[in-house]
Amino acid sequence: MELIEYLPFFYRNSVEVLNIQNSINDENEKIQLDLKELLDQLFIDTATWGIDFWEKYLGIEIDRSESLENRRSRLMTRLRGQGTTTKEMINNICRSFTGGEVDIIENNENYFFIIKFIGVDGIPNNLNYLKGAIKEVKPAHLNVIYEMKYLIIDSVENMTLNDLQNTKMLLFSPFVDK
């Protein structure tokens, strides 16, 4: 709605008043956009230039060479990491970094747990950031084993492209992160 509509009708024919109202409308639009952008900085999911303030507030080292997506994931991990570490918390952290499903297998008697990537084949994107986030929230006495799905070369040498696309022969490979 334009401001001119709030003035008496006889002003609508005045060139001077119309010019003033157009200028006011332009400035009002700029202010509205600036307010929306400022409001976006109050939420991690939409923050851009304000992400530095979030990192400082949560005590995370600012690294502008990282993508906004990674920086947001680290912030969300820090916020989710408050309190007692649970399987659900670790699952949420993994999903926020990889976008895929994982299975958390606890082996508390032997002081480790397994993060098994079931929704992502191969090495997940952002694995190094995920490992850092897990290290921050996991109890210090527990080790982590990451298991990823992959195909070994011997299995695929004689397969066609169609066979590869339809294969269920994915193997899991563990590696320990201490």
Side-chain angles (χ1 to χ4, degrees), residues 37 40-178:
E37 184 181 0
D40 285 347
Q41 306 316 304
L42 299 178
F43 300 93
I44 293 171
D45 291 339
T46 54
T48 53
W49 53 264
I51 206 132
D52 290 5
F53 296 107
W54 277 102
E55 289 170 330
K56 186 176 181 182
Y57 175 72
L58 293 174
I60 295 175
E61 184 179 333
I62 297 172
D63 183 359
R64 292 186 185 98
S65 66
E66 285 186 42
S67 68
L68 274 176
E69 180 182 313
N70 287 343
R71 293 173 75 187
R72 287 179 180 140
S73 292
R74 285 177 51 214
L75 289 166
M76 293 304 288
T77 298
R78 178 63 58 96
L79 288 176
R80 288 180 184 141
Q82 307 294 326
T84 305
T85 303
T86 63
K87 280 176 68 171
E88 182 180 342
M89 177 193 295
I90 291 172
N91 201 333
N92 287 337
I93 291 169
C94 291
R95 262 190 272 126
S96 74
F97 275 92
T98 65
E101 291 297 314
V102 297
D103 189 18
I104 310 298
I105 304 161
E106 295 176 292
N107 192 329
N108 293 327
E109 309 80 49
N110 295 312
Y111 303 104
F112 73 89
F113 62 96
I114 299 170
I115 298 176
K116 186 174 187 176
F117 296 93
I118 54 179
V120 176
D121 296 343
I123 298 174
N125 291 340
N126 303 323
L127 182 61
N128 289 333
Y129 297 114
L130 171 63
K131 287 166 59 176
I134 295 296
K135 190 176 259 185
E136 282 186 32
V137 300
K138 77 173 183 65
H141 68 284
L142 293 179
N143 287 324
V144 183
I145 297 174
Y146 296 90
E147 287 189 0
M148 290 158 254
K149 294 188 295 185
Y150 69 97
L151 287 170
I152 56 176
I153 293 175
D154 291 345
S155 300
V156 297
E157 277 182 332
N158 298 321
M159 296 176 97
T160 66
L161 183 58
N162 193 35
D163 292 337
L164 283 170
Q165 290 173 337
N166 296 320
T167 189
K168 301 289 185 206
M169 297 173 40
L170 292 166
L171 304 173
F172 284 93
S173 169
F175 71 91
V176 179
D177 186 40
K178 296 184 180 188

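Just so you know, these numbers use all the heavy atoms, side chains as well, and skip hydrogens, waters and symmetry mates. Every value quoted in this text rests on a predicted model; they were computed, and no experiment measured them.
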So, taking the atom named [atom1] in [X] and the one named [atom2] in [Y], what distance separates them when rounded to the nearest 0.5 Å?
X      : Y      : atom1 : atom2 : result
Ser73  : Leu130 : OG    : CG    : 9.5 Å
Ile134 : Ile90  : CD1   : CD1   : 5.5 Å
Leu42  : Trp54  : CG    : CH2   : 7.5 Å
Leu75  : Ile60  : CG    : CD1   : 4.5 Å

Check side-chain contact (heavy atoms from CB on, under 4.5 Å) between [X] and all other residues, then give those that pass, not counting sequence neighbours.
X      : result
Ser67  : Glu69, Asn70
Asn108 : Glu106, Leu142
Phe43  : Leu39, Thr46
Glu109 : Asn107

Side-chain donor-acceptor contact under 3.5 Å, Trp49 with Glu37 |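 Present: a donor and an acceptor within the cut-off.
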
Considering residues at least two apart in sequence or located in another chain, which fulfil the salt bridge (charged side-chain N to carboxylate O under 4.0 Å, His left out) criterion with Arg71?
->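 Applying salt bridge (charged side-chain N to carboxylate O under 4.0 Å, His left out) to Arg71 gives Asp52, Glu55.
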
Any side-chain heavy-atom pair from [X] and [Y] closer than 4.5 angstrom?
X      : Y      : result
Gln41  : Thr48  : yes
Ile115 : Glu147 : no
Leu79  : Ile44  : yes
Lys87  : Asn91  : no
Ile104 : Phe113 : yes
Leu127 : Met148 : yes

Which residues pass the side chain to side chain donor-acceptor pair (under 3.5 Å) test with Asp45, sequence neighbours left out?
->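 Not a single residue meets the side chain to side chain donor-acceptor pair (under 3.5 Å) criterion with Asp45.
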
With Glu101, which residues qualify under side chain to side chain donor-acceptor pair (under 3.5 Å), at least two apart?
->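 If we apply the side chain to side chain donor-acceptor pair (under 3.5 Å) test to Glu101, skipping adjacent residues, there are no hits.
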
Determine the minimum heavy-atom distance between Ile93 and Ala133, stating which atoms define it.
->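 Smallest heavy-atom distance, with atoms named: CG2-CB, 4.0 Å.
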
What's the shortest heavy-atom distance between Ile51 and Arg72, and which atoms?
->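 Ile51 and Arg72 have their closest heavy atoms at CD1-CG, 3.4 Å.
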
Side-chain (Asp63) to main-chain (Ser65) donor-acceptor, under 3.5 angstrom |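 Flag set: sc Asp63 to bb Ser65 pair under 3.5 Å.
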
Checking side-chain contact (heavy atoms from CB on, under 4.5 Å) for the pair Glu66/Tyr129: CA distance, chi angles, key distance, verdict?
-> CA-CA 10 Å; Glu66 285 186 42; Tyr129 297 114; 3.5 Å; yes

Using the ring of each side chain (for Trp, its six-membered ring), is Tyr111 parallel, tilted or perpendicular to His141, with breaks at 30° and 60°?
->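 Perpendicular, since the angle between the ring planes exceeds 60°.
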
